[in-house]
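Notes follow the structure.
Every chain is numbered from 1 and lettered A, B, ... according to where its sequence line falls, protein lines coming before strand lines. What you see is a predicted model, and the numbers here were worked out from it, not measured in a lab.
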Amino acid sequence: MVETDKRLQVFNTLTRQKEFFEPLNPPHVGMYVCGPTVYGDAHLGHARPAVTFDMIYRYLNFLGYKTRYVRNITDVGHLENDADEGEDKVERKARLEQLEPMEVAQYYSNRYHYNMDQLNVLRPSIEPLASGHIIEQQELVKKILSNGYAYEINGSIYFDVEKYSKDYHYGELSGRKLEEMIPFTRELEGKSEKRSPYDFALWKKAQPTHIMRWPSTWSEGFPGWHLECSAMGSKYLGKVFDIHGGGMDLIFPHHEAEIAQSIAAHGHQPVKYWLHNNMVTINGQKMGKSLGNFITLNEIFAGNHPQLEKAYSPMIIRFFILQAHYRSTLDFSNDALQAAEKALKRLLEAYHQIDKIPAAETSSVNIHEIRQACFDGMNDDFNSSIVLANLFEAVKMINNTLIGTETLTQDDIGLLKKTFDDFLFEILGLANESSSDNSNLVNELINFLLELREEARNRKDWSTSDRIRNRLLKMGIEVKDTKDGPIWKIL
RNA sequence: GGUCUCGUGGCCGAGUGGCUAGGCACAGGUCUGCAAAACCUCGUACAGCGGUUCGAAUCCGCUCGAGACCUCCA
């Protein structure tokens, strides 16, 4: 498969170690990633898994796998807490904005898609809605019930964790033991109809005020949160599939519950490799909805937030995310984004210089080594940070060949360009953001002004040349003089 | 309280038991009427204290500090 001679290794949360990636049915790969609950705008914390698993999806495809990528949209409102009472999140939003719940879901789905497109995140192969798979979820509940791992109370169905624990290991993904979880039960005794505090809902009977509800044999109600991923994952990828991804904060209880549900229903593990991205932090603390310290992508792209000194484009955000390894926390700050902006610019400008490199008889640097290092980085649990570091080495090479301190053959120049095309654009998905949608008229006008300015400069008429440059700058057009003549750009 | 992770030079951020990523900033230089930009060059850092080892930032222990999960959260 392709040129890489080393095999891909991935860190599996389930086994807590790196494992060689071997798909169940090569060349096919099934990957499921938890998508957003659509009741608010996407923030940086949503961008991280989207970009991370987009990179993984891209790399798997690059390696020649046929990947089916499923990422759900959670549009069934779920309760504010799993402990039962409380308002549905989507309904609450709908009430506040005086909309139909599905209107809320649609609205934020659209905005999510728009943001992801901006980030150059490829659309998944299938994007199922939880509300469109109520039947499948009910079927799963029935199966778990008939296998004896769930019980019904007042029209609601709960997963019987204690019963399950006798036969299987509840907590294997998050590294917990049930005994350790028992002492620290929250103060919800008496209030809940659940037998044990760590049981979770498979089906909830709807309160009279609850709008999002569906008929079932047990009650008019709605499915439990953990159920949709189990139901949709097995529907589209099979009862066991290769990769399941999501944020680390979903490991418990969400993914733990998914495993339990699937095993209770089908008797075996649903997923071979569990992959989890780490959190985005701000001031060292997790950026999250409940803490209210999140910054939405729209705010970042517009520079419209007190924490931001300026706007940062989607590609800067993508670069910023990929500069860290996906399993490390990533700390947000203005300085970090500014550094990312400059770094990305340097990378892209060097890329555009590749065509100007004069071919030499021999190469003084080894492009194959860099290319291989990029593969090695990706193969080592998708270490995009290593890939970027090597691309920056390539930047140095490009610039050095341009000033004549290094040389490259025509073949190596081609390989260099291919390496950027493959890794920077295709795998890391960092697209060129050109703001050159100016009309021809503007171009011609500016070029004419610069022509006049050049004539003035040749006469050493500095006052005229500076006047032109300053006036243009006032209009937001920056002029820079280079050896090859002036260049300009709209700020 | 339980489980777990992390602590790298001014900032961000990789990493392996010995060959000391990368980016940003700073500094020096090239270029240049000036300016700006661009480019080149440049930093032996790894919380503290012990231990293992020929050798540890990388392994072990302790201390200090930060954080995550245990309730919804990507």
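Ion pairing between A:Arg111 and A:Asp41 holds under the 4.0 Å rule for side-chain N and carboxylate O.
B:A21 and B:C42 are spaced 12 Å apart, taking the P atom of each and rounding to whole Å. On the P atoms, B:U63 is 28 Å away from B:A14, given to the nearest whole Å. Of the P atoms belonging to B:G7 and B:C12, the separation is 13 Å, rounded to the nearest Å. For the C1' atoms, the distance from B:U8 to B:G13 is 9 Å, rounded to whole Å. Remark: the separation of the P atoms in B:U5 and B:A27 is 42 Å, to the nearest Å. Comparing B:G50 with B:C39, their C1' atoms sit 49 Å apart, to the nearest whole Å. Annotation: B:A57 and B:G48 have their P atoms spaced 10 Å apart (nearest Å). To the nearest whole angstrom, the two P atoms, one in B:G55 and one in B:U44, are 24 Å apart.
Classified by interplanar angle (parallel below 30°, tilted 30° to 60°, perpendicular above 60°), the ring pair A:Tyr69/A:Tyr57 is tilted.
A:Gly175 comes within contact range of the sugar-phosphate backbone alone, with a heavy-atom separation under 4.0 Å but no base atom that close. Among the heavy atoms of the strands lying under 4.0 Å from A:Glu393 are primed sugar atoms or P, OP1, OP2 only; no base atom is included. Within 4.0 Å of A:Asn390, counting heavy atoms only, lies no atom of the nucleic acid at all. Residue contacts shown for A:Ser333 are absent, as no nucleic acid heavy atom lies under 4.0 Å away. The residue A:Val280 sits close to a base: some heavy atom pair falls under 4.0 Å. Residue contacts for A:Ala343: at a heavy-atom cut-off of 4.0 Å it reaches the sugar-phosphate backbone alone, with no base atom in range. Contact annotation for A:Leu330: backbone-only contact, meaning every heavy-atom pair under 4.0 Å involves sugar-phosphate atoms and none involves a base. Residue A:Lys342 is in sugar-phosphate contact alone, with no base atom involved, counting any heavy-atom pair closer than 4.0 Å across all strands shown. Backbone-only contact: A:Gln285 has heavy atoms under 4.0 Å from sugar-phosphate atoms and none from a base.
Annotation: cation-pi pair A:Lys396/A:Phe392 absent, no NZ/CZ under 6.0 Å from the ring centroid and within 45° of its normal. Within the cation-pi definition used here (under 6.0 Å to the ring centroid, within 45° of the axis), A:Lys289 qualifies as a partner of A:Tyr39. A cation-pi arrangement is present between A:Arg327 and A:Phe11, with the terminal nitrogen or guanidinium carbon under 6.0 Å from the aromatic centre and inside a 45° cone about the axis.
Protein atom CD of A:Glu478 is 8 Å distant from nucleotide atom P of B:A37, rounded to whole Å. If you take CZ of A:Arg469 and C1' of B:C34, they are 7 Å apart, rounded to a whole angstrom.
Nearest nucleotide to the A:Met279 side chain, out of B:A74, B:C11, B:A21: B:A74.
Phosphate proximity of B:C40 to A:Arg346: present, with a side-chain N or O under 4.0 Å from OP1 or OP2. Considering only side-chain N and O atoms, A:Asn383 lies nowhere under 4.0 angstrom from the phosphate OP1 or OP2 of B:A14.
Contact annotation: side chain of A:Asp481 to base of B:C34, donor-acceptor pair present below 3.5 Å.
A 6.0 Å sphere centred on NZ of A:Lys474 holds no more than 12 heavy atoms belonging to other residues, nucleotides or ligands.
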